[in-house]
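Values below: every heavy atom of this structure, side chains too, minus hydrogens, waters and symmetry copies. Residue numbers start from 1 in every chain, and the chains themselves are labelled A, B, ... in the order their sequence lines are given, proteins ahead of strands.
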Protein chains: 2
Amino acid sequence: MATQTDPTPRIPLTRERVLRAAITLADAGGIEALSMRRLGQELGVEAMSLYNHVANKDDVLDGMVDAVVGEINDIVSEIEMPSGDWVTAARRRILSARSVLLRHPWAPGVLESRTNMTAPMLRYFDGLIGLVREAGFSVDLTHHAMHALGSRALGFTQELYDDSDDLSDEAMMMFLQQMSGEYPHLVGMVQEISHDDDSTLGWCDDQTEFEFALDLILDGLERLRAAG
Amino acid sequence: MATQTDPTPRIPLTRERVLRAAITLADAGGIEALSMRRLGQELGVEAMSLYNHVANKDDVLDGMVDAVVGEINDIVSEIEMPSGDWVTAARRRILSARSVLLRHPWAPGVLESRTNMTAPMLRYFDGLIGLVREAGFSVDLTHHAMHALGSRALGFTQELYDDSDDLSDEAMMMFLQQMSGEYPHLVGMVQEISHDDDSTLGWCDDQTEFEFALDLILDGLERLRAAG
DNA sequence: ACCTGAACACCGTTCAAGT
DNA sequence: ACCTGAACACCGTTCAAGT
């Protein structure tokens, strides 16, 4: 008898495991799929047991964000930096951060709902600040730069319009025809753009638009740096 | 007898009144203070009665956003436009939009949570698109410009860090001292900036930072237009 | 036509009770 | 030390019943 091991020994619940399960849940079903009860269920435990390892749901969300930003920091720290070209260096960091966030679509929304900076975020921004300071940015310009980049520094911007469930091409054309009276400039733009493009899919390439705006800002900042 | 009017005749419930009450509630207590039950209570009615005038809570949120964007459209349509200077014209529109949103602090968050464009938003963007097209923007540059501005076109950007409940000056200095080892660049920046500034209040002026980023983007776009 | 009360199916969180 | 069951105080929403 004595200490015969259980046939399926229960892995002990830890904060780590809770957060990992929460991220998996959110990755798969979106953030609205994440409830304390569902999370407990996923871990084979009652929801109330979770409170032995996390303070509350906000603590879970904080932990999830920290894990994702930690993932970003891991990648960024391995990037080799071309010295003397801060624009390329910053660009690489930011696009790397973006690639991580694309795997966690819920992360931007949760990130924006947290108002306090946590250690991993401080670390990320400390690195970016160091980069531009080394490139000769004044303290003031550095400060403005961080605000101008905002969430874009971490690789995301909230889109105001989601074209993921857009109309078919024919339905779209009919819709535009009807709307051209009220919104002539908008409809004109959409029609011309979708005409140029052969793709049946959405007419906005988020990656292209993100990079366009990023380059616009980085170029502007470089101009201000050079002007002194 | 007959139709003697009630001493306090009840104003009939309408969608309009429901939305107005919802906005008042959110302006005063934040968006988390808005529940269907609280809203009914405010209107002297059971929560369930609201469903005779709005489809559901999402419909309420949609209506609230439309009302605010409508307010923006009203102001923007009255602005006189200096012809031939699209940068100034766009700047005025956007800062006007911002001034409206500052009176409805809940609006940015709700705006971002809506993924479908509604009539007032389409109208706002149609106007902005018309403005830059008239200034000689190509269709492609116009499209990029709208994405680059993003929510900034409507006068807001989500800040990643809220310094509204910041530490006192002394506490801040001690905190920075402790953190300078881990985040040397960040701490260095904050220390230098707060040293330059006499204000005891938060060290970031949101309005200044918003305008800096806006001008950076507008100038970049103007450069691309001119290069053309 | 509009409003209500009761009910349903969910939340996050507490607390005393179990082992 | 950790987990549980019951309970509390909230949600949004439905539906049959009232007037």
Going by ring-ring contact (aromatic ring centres under 6.0 Å, His included), name the pairs with one or both residues in residues 20-54 of chain B, residues two or more places apart or in two chains. none

Those residues that, when tested against B/Arg91, pass side chain to side chain contact (heavy atoms under 4.5 Å, CB included) (two or more places apart): B/Leu95, B/Glu211, B/Leu214, B/Asp215, B/Leu218

Going 5' to 3' through nucleotides 8-19 of chain D and flagging B where a protein heavy-atom sits under 4.0 Å of the base, S where only the sugar-phosphate is that close, and - otherwise, we get ---BBBB-----

Partners passing salt bridge (Lys or Arg N to Asp or Glu O under 4.0 Å) against A/Asp62 (at least two apart in sequence or in another chain): A/Arg114

Does anything in residues 93-119 of chain A form a ring-ring contact (aromatic ring centres under 6.0 Å, His included)? List the pairs, not counting sequence neighbours. A/His104-A/Trp106

Answer yes or no: does a side-chain N or O of A/Ser49 lie under 4.0 Å from OP1 or OP2 of D/dC2? no

Side chain to side chain contact (heavy atoms under 4.5 Å, CB included) involving A/Arg37 - partner list, sequence neighbours excluded: A/Ser35, A/Ala47

So, does B/His53 get its side chain near the phosphate of C/dC3, meaning an N or O under 4.0 Å from OP1 or OP2? yes

Tell me whether B/Tyr183 contacts the main-chain N or O of A/Phe125 through its side chain, where contact means a donor paired with an acceptor under 3.5 Å. no

d(CD, A/Glu46; C1', D/dT4) in whole Å: 6 Å

Set of residues satisfying salt bridge (Lys or Arg N to Asp or Glu O under 4.0 Å) with respect to B/Glu112, sequence neighbours excluded: none

Here the helical stems involving DNA chain C, each at least 3 consecutive Watson-Crick or G-U pairs closer than 3.5 Å, sorted by first residue number, are C:4-8 with D:12-16, C:12-16 with D:4-8

Please list, chain by chain and in numerical order, all residues satisfying salt bridge (Lys or Arg N to Asp or Glu O under 4.0 Å) with B/Asp66, sequence neighbours excluded. none

Proximity to DNA chain C (any heavy atom under 4.0 Å), residues of residues 108-116 of chain B only: none

Whole angstrom is fine here: how far is it from CG in B/Leu43 over to P in C/dC3? 10 Å

With sequence neighbours excluded, what pairs up with B/Glu46 under the salt bridge (Lys or Arg N to Asp or Glu O under 4.0 Å) test? none

Residues at least two apart in sequence or cross-chain that pass side chain to side chain contact (heavy atoms under 4.5 Å, CB included) with A/Thr14, listed by chain then number, are A/Glu16, A/Arg17

